[in-house]
Undergrad: 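Take this structure first; my questions come after.
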Amino acid sequence: MTSANPESDENRYDFHALERRWQPVWAETQPFKAGGADDARPTKYVLDMFPYPSGDLHMGHAEAYALGDVISRYWIQRGFNVLHPIGWDSFGLPAENAAIKNNTDPRVWTEANIAQQRASMERYACSFDWDRVLATHRPEYYHWNQWIFTRMYERGLAYRKPSLVNWCPKDQTVLANEQVVQGLCERCDTPVTKKKLTQWYFKVTEYADRLLDDLDGLEGTWPSKVIAMQRNWINRSHGADVVFSIEGRDEPISIYTTRPDTLCGATFMVVAADSDLASELAADADDATRQAFDTYVAAVKGATDIDRMSTERPKTGVFLGRYATNPVNGERLPIWASDYVLADYGHGAIMAVPAHDQRDLDFARAMELPVRTVVDVKDEEGNSLPDPAESWIATGGDGLVVNSGEFDGLAKTEAIAAVVAKLNADGVGSETTNYRLRDWLISRQRYWGTPIPIVHCDKCGEVPVPDDQLPVELPPTEGLDLKPKGKSPLAAATDWVNTTCPKCSAPALRDTDTMDTFVDSSWYFLRYLSPNKTDGPFDPAEAARWAPVDQYVGGVTHAILHLLYARFFTKALNDMGYVDFEEPFLALLNQGMVQMDGSAMSKSRGNIVRLSEQLDEYGVDAVRLTMAFAGPPEDDIDWADVSPSGSAKFLARAWRLARDVTSEPGTDPASGDVSLRAHTHKTLAECAELVEGFRFNVVVARTMELVNVTRKAIDSGAGPADPAVREAAEVVAILLSMFAPYCSEDMWSMLGHDNVAHAGYPEVDPELLVEETVTCVVQVKGKVRDRLEVDPNVGEDALRELALASDVIKRALDGAELRTVIVRAPKLVNIVPM
RNA sequence: GCCCCCGUAGCCCAAUUGGCAGAGGCAGCCGACUUAAAAUCGGCACAGUGCGGGUUCAAGUCCCGCCGGGGGCACCA
């Protein structure tokens, strides 16, 4: 028997040979270029999260791209015009740190890594459109970061303000809230401190409601976990602002509360110790108070977030010697400063209702302040809960209002409405909404990022760089000290910094901060649509054709940050009229992580599995197949639990099917073995559904089954010349094209065809799915007692008679009277005796 | 503390969404082929679904309560 494949050993599956054979072919044919505007096929935009160019690919990449490829290759087979691009998220600290360490230019390091990673991806046979590659560190890309920034600025969505910011003392840079994890710098695990700086922000909070409400529309196509995390992060709360007048101060103070019904239970007020308000109130107090306050604030500011967040931390604070007046009952409330109130949430001040808020109660206990119950909360038996003043357990539940004058006797919702109505009438308060979400701090004091396109002019103030002068390119690194020092390295690039005001032409200075790299990744999916466009970020016609992304694939690590920001950008661009959709990613698949021996791979654990070694040993196809077969995509894979060698063995087995087929290409399968054909078509039908449900592991299992059945047909059934065997082998090749491109291409070639990736998903013949007989289970009291082979269209009554006529069943029933007989034709009958 | 997800053979995982617990694989064992081994082929065994209740003719699947594992949020007023 001769093989159609001249380069490989005709009887051995040699994955090295297959890789050597097909890689240059694909490099030449570029099979995954997306079709142009004249392509009549329906479009599908499949996007993998783009990588940071860290050098070689690792196991995590291998999983992500294997899974993304299944989806992209599937839709191509289904006749879609698929856009599946790739690029690099290439600004950021590692390049800068490498540059500092080796005293090189980060551009050189970055481009070298990109080249290396691209080669790895090509070997890995990723189905990318290589004509659309982008890298965010290139001026052709970040030009449009600056353009979008300018548009944001024009709409008031980009602004500068001084505030206390998260500061990483090691990286010497500002961090967004999202980059602070458990009080530590996300990147280097250094405890984060606070620093007052003037920084650039994007006004995400303006979109808080839409970012939250539009999550409803993603229900079902995004992982519920991610939706929950985003909801949690935005954390909208409904409540009321209440205005308290302050003795000895003209301006009153507003506080925010979600429980206006407990207003009469307020026994003191607390302002955030690190707020301007606290300093101002303390400034007018007596010397002793002022001193105590200064000492306290110094301690608070010195504390890291780690200290702040430690649970069971005792409440601390200072009495400011000042008093506020409760707007509903006129009571005089002492004002305290404490760090348990946050300066940047609500108004940085609260009314403390110790009876019904545990934090306030803890504080009241520590400072010996009064506690007054204003809601009578009952337990399950209807008894009032113990008095918080004695139990030191705040009662947060629902109940009737007491000790509140005119509001007594009202239930929670009525009481809230009544109090808010009164506040409104008296002009001392109103309903409000608050969010945990803060504005997005985008400026960084680092070199390797997009320069903020603003010029600071003594006369004109902040002036955006006009569009026709963009991009503002990063100056060369020569002569710059890139080491972190709390000030942007760009400030030292004198020639670059000194410029003229675009408005008045007077000497002026460039803004020296660079943008957070999350800006880069907030819109890159749009740039892919027209990556070489020079007069705009993307072509609106191409956006209309492709966007939004139909299927996004990536790690759950970006569940909050990246996805929230990209959603924000999309909504902002929509408002500006640049895109006609409001959500960037219609569906999201989060793949799990690859672990080893039960934990994440890390150098310190010494449990790193090197992808290149796995590829050398088992081949690209086997590694890809293993990634897909290991389990549901969102589950973590423990490499110790899976078997790439098993995958390689299976692929060899599949490959041999194609080798053994002896019928001619194009043979009509109609005359082939019916039971094999039925199995083939059943597999086809099932696998389509499974892929669309991301059940890739099951697809692989079904393909294995089909391979087993076909093997049997060749060896001890229909034989290698049967047309059904050819049909089955071809279907195996097509199914495998999603997982094991080299093997399937070689099979396809042996079967006498070209280009398996575009073979098309074969039509399922519905007649072959109809089974001639079905096994019907007959139960007695839920226990299986007999099986009957029946017509799939058997009627209920007929089936009942058949079941009752069975000898086994008769014996089991032993003449007992029947209570009921449940018939689920054609698969089940359950007989229940009295 | 609050919220979410998951517990099925020694292991990774299926189970038509309430209808025969087992599809696929790993590891194991037996056999065929072989001088032998590898490779290949054929076959075998293994759990009653974390535990306890409940609903139902019928529960891995639905409900309640525990146990175990994982994740998210955490002074957000």
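Per chain, numbering begins at 1; letters A, B, ... match sequence-line order. Predicted, not measured: the structure shown is a model, and the values here were computed from it. The analysis underlying the following values was restricted to heavy atoms, covering all of them including side chains, and did not include hydrogens, waters or symmetry mates.
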Undergrad: State plainly whether the residues A/R800 and A/D797 are in salt-bridge range, i.e. N to O under 4.0 Å.
TA: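 Looking at A/D797 together with A/R800, the answer is yes, because their closest N to O distance falls below 4.0 Å.
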
Undergrad: Can a side-chain donor-acceptor contact be found between A/T205 and A/Y435 if the only test is distance below 3.5 angstrom?
TA: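 Absent: no donor and acceptor within the cut-off.
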
Undergrad: Which nucleotide, B/G72, B/G24, B/G19, lies nearest any side-chain atom of A/I822?
TA: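 Side chain of A/I822 sits closest to B/G19.
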
Undergrad: Syn or anti for B/G60, with syn set at within 90° of 0?
TA: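 Because its glycosidic torsion lies more than 90° from 0, B/G60 adopts the anti conformation.
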
Undergrad: Kindly point out which of B/G25, B/A77, B/C41 is positioned nearest to the side chain of A/L342?
TA: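 Closest nucleotide to the A/L342 side chain: B/A77.
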
Undergrad: Could you tell me the separation between the CZ atom of A/R259 and the CD1 atom of A/I416, rounded to the nearest 0.5 Å?
TA: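 One gets 6.0 Å once the value is rounded to the nearest 0.5 Å.
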
Undergrad: With distance as the sole criterion, do the side chain of A/R12 and the base of B/A39 form a donor-acceptor contact below 3.5 Å?
TA: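 A donor-acceptor contact between them is absent.
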
Undergrad: B/C73, B/U40, B/G24: which one has an atom nearest the side-chain heavy atoms of A/A701?
TA: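 Nearest listed nucleotide: B/G24.
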
Undergrad: May I ask which nucleotide in the shown strands pairs with B/C44, Watson-Crick or G-U wobble, both distances under 3.5 Å?
TA: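 For B/C44, the partner nucleotide comes out as B/G28, under the 3.5 Å rule.
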
Undergrad: Which whole number of Å gives the distance between the P atom of B/C46 and that of B/A9?
TA: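 Going atom to atom, P in each nucleotide, I get 15 Å.
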
Undergrad: How about A/F363 and A/F268: are their ring centres within less than 6.0 Å of each other?
TA: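 For A/F363 and A/F268, the ring centres are under 6.0 Å apart.
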
Undergrad: Specify the separation, in whole Å, of atom CG of A/D636 and atom C1' of B/G7.
TA: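 Result: 15 Å.
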
Undergrad: Which part of the nucleic acid, if any, lies within reach of A/A630 when heavy atoms closer than 4.0 Å are counted: base, sugar-phosphate only, or nothing?
TA: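 Counting heavy atoms under 4.0 Å across all strands, the contact made by A/A630 is with sugar-phosphate only.
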
Undergrad: Does A/K315 count as lying over the ring of A/Y340, i.e. NZ or CZ under 6.0 Å from the six-ring centre, within 45 degrees of the axis?
TA: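 Positive - A/K315 is close enough to the ring of A/Y340 and near enough to its axis.
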
Undergrad: How far does the P atom of B/C30 sit from the matching atom of B/G71, given to the nearest Å?
TA: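 Roughly 42 Å separates the two P atoms.
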
Undergrad: On a plain distance test, is the side chain of A/N830 in donor-acceptor contact with the base of B/C57 below 3.5 Å?
TA: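 Under the 3.5 Å cut-off, the side chain and the base do form a donor-acceptor pair.
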
Undergrad: Taking the nucleotide of RNA chain B with the closest heavy atom to each, which residue, A/I350 or A/S643, is nearer the 5' end?
TA: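 First, find each residue's nearest nucleotide; the 5'-ward one identifies A/S643.
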
Undergrad: With both distances kept under 3.5 Å, what pairs with B/G7, Watson-Crick or G-U wobble?
TA: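 Across all strands, the one nucleotide that pairs with B/G7 is B/C67.
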
Undergrad: How far, in whole Å, is B/C6 from B/U16 if one measures between their P atoms?
TA: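 Going atom to atom, P in each nucleotide, I get 15 Å.
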
Undergrad: Side chain of A/K225 only, heavy atoms from C-beta on: which candidate in B/G71, B/C57, B/C12 is closest?
TA: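 It is B/G71.
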
Undergrad: Of the listed nucleotides (B/A77, B/C20, B/A14), which one gets closest to any side-chain atom of A/V777?
TA: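 So the nucleotide nearest the side chain must be B/C20.
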
Undergrad: Is the phosphate of B/A77 approached by A/Y340 (side-chain N or O, under 4.0 Å from OP1 or OP2)?
TA: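 For B/A77, OP1/OP2 do not have a side-chain N/O of A/Y340 under 4.0 Å.
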
Undergrad: Rounded off to whole Å, could you give me the CD-to-C1' distance for the A/Q230 and B/C73 pair?
TA: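 These atoms are roughly 14 Å apart.
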
Undergrad: With a 3.5 angstrom cut-off on both distances, give the Watson-Crick or G-U wobble partner of B/U55, or none if there isn't one.
TA: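 Looking at the geometry, B/U55 pairs with no nucleotide.
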
Undergrad: Do the charged groups of A/E771 and A/K827 touch, with an N to O distance under 4.0 Å?
TA: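 The answer is no: the pair does not qualify as a salt bridge.
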
Undergrad: State the pairing partner of B/G1; accept Watson-Crick or G-U wobble contacts with both distances under 3.5 Å, and report none otherwise.
TA: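 Pair assignment: B/G1 / B/C73.
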
Undergrad: What distance, rounded to whole Å, do you find between the two C1' atoms, one in B/G31 and one in B/G19?
TA: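 Their C1' atoms lie roughly 38 Å apart.
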
Undergrad: Mapping A/K649 and A/A349 to their closest nucleotides on RNA chain B, which lands nearer the 5' end?
TA: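 Counting from the 5' end, the first nearest nucleotide belongs to A/K649.
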
Undergrad: Pull up the glycosidic torsion of B/U17 and say syn or anti, syn being anything within 90° of 0.
TA: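 B/U17: syn glycosidic orientation.
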
Undergrad: Could you please name the option among B/A77, B/G24, B/C73 that lies closest to any side-chain atom of A/F629?
TA: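 Closest nucleotide among those given: B/G24.
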
Undergrad: OP1, OP2 of B/A14 versus side-chain N and O of A/N697: anything below 4.0 Å?
TA: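 Answer yes for this pair, as a side-chain N or O of A/N697 is under 4.0 Å from OP1 or OP2.
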
Undergrad: Send over the distance from A/R824 CZ to B/G18 C1', rounded to a whole Å.
TA: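 Going from CZ in A/R824 over to C1' in B/G18 covers 10 Å.
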
Undergrad: Using a cut-off of strictly less than 4.0 Å, decide whether A/R702 has a side-chain nitrogen or oxygen near OP1 or OP2 of B/A14.
TA: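 For B/A14, OP1/OP2 do not have a side-chain N/O of A/R702 under 4.0 Å.
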
Undergrad: Would you say A/R653 places a side-chain N or O within less than 4.0 Å of OP1 or OP2 belonging to B/C41?
TA: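 Result: yes.
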
Undergrad: If you check every side-chain atom of A/R436, which of B/A77, B/C41, B/C73 has the closest atom?
TA: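 Shortest atom-to-atom distance from the side chain points to B/C73.
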
Undergrad: Atom CG of A/D660 to atom C1' of B/C41: distance rounded to whole Å?
TA: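 The distance from CG of A/D660 to C1' of B/C41 comes to 12 Å, rounded to the nearest Å.
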
Undergrad: Nearest to the side chain of A/D715, which nucleotide is it out of B/A77, B/C41, B/G71?
TA: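 For A/D715, the side-chain atoms sit closest to B/C41.
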
Undergrad: Check every strand shown and say whether A/Q358 touches a base, only sugar-phosphate, or nothing at a heavy-atom separation below 4.0 Å.
TA: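 No contact.
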
Undergrad: When you measure from the side chain of A/M229, which nucleotide among B/U40, B/C57, B/G72 comes out closest?
TA: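 Among the listed nucleotides, the one closest to the side chain of A/M229 is B/G72.
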
Undergrad: Would you classify A/D362 as touching base, sugar-phosphate or nothing, given that sugar-phosphate means primed atoms plus P, OP1 and OP2, and contacts are heavy atoms under 4.0 Å?
TA: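 No contact.
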
Undergrad: Does any N or O donor sit under 3.5 Å from an N or O acceptor when you compare the side chain of A/K827 with the base of B/C20?
TA: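 Result: no qualifying N/O pair found.
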
Undergrad: In plain terms, say whether A/R656 and A/D660 are close enough for a salt bridge, that is, a side-chain N and a carboxylate O under 4.0 Å apart.
TA: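 The answer is no: the pair does not qualify as a salt bridge.
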
Undergrad: If I pick the C1' atom on B/U49 and the same atom on B/C67, what distance separates them, to the nearest angstrom?
TA: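 Nearest-Å result for B/C67 against B/U49 at atom C1': 16 Å.
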
Undergrad: Could you let me know what B/G60 is paired to, Watson-Crick or G-U wobble, both distances under 3.5 Å, or none if it's on its own?
TA: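 For B/G60, the partner nucleotide comes out as none, under the 3.5 Å rule.
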
Undergrad: For the pair made of CD1 in A/I637 and P in B/C11, what is the distance, rounded to whole Å?
TA: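 Taking CD1 of A/I637 and P of B/C11, I get 19 Å after rounding.
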
Undergrad: Going by the angle between their ring planes, with limits at 30° and 60°, are A/F694 and A/F696 parallel, tilted or perpendicular?
TA: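 Perpendicular, since the angle between the ring planes exceeds 60°.
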
Undergrad: As a test of reading the structure: which of B/A14, B/A77, B/C41 is closest to the side chain of A/S237, going by heavy atoms?
TA: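 Among B/A14, B/A77, B/C41, the one nearest the side chain of A/S237 is B/A77.
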
Undergrad: Taking atom C1' in both B/U56 and B/G43, compute the distance separating them and give it to the nearest angstrom.
TA: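 After rounding to an integer number of Å, I get 41 Å for this pair.
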
Undergrad: B/G24 and B/U8: how far apart are their C1' atoms, nearest whole angstrom?
TA: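 Each nucleotide's C1' atom is 15 Å from the other's.
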
Undergrad: Hey, could you give me the CG/CD1 distance between A/D641 and A/I637, rounded to the nearest 0.5 Å?
TA: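 If we round to the nearest 0.5 Å, A/D641:CG and A/I637:CD1 are 10.0 Å apart.
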
Undergrad: Nearest-Å distance, CZ (A/R800) to P (B/G19)?
TA: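 Nearest whole value for this atom pair: 20 Å.
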
Undergrad: Distance between the P atoms of B/G54 and B/U61, in whole angstroms?
TA: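 Between the two P atoms, the distance is 14 Å.
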
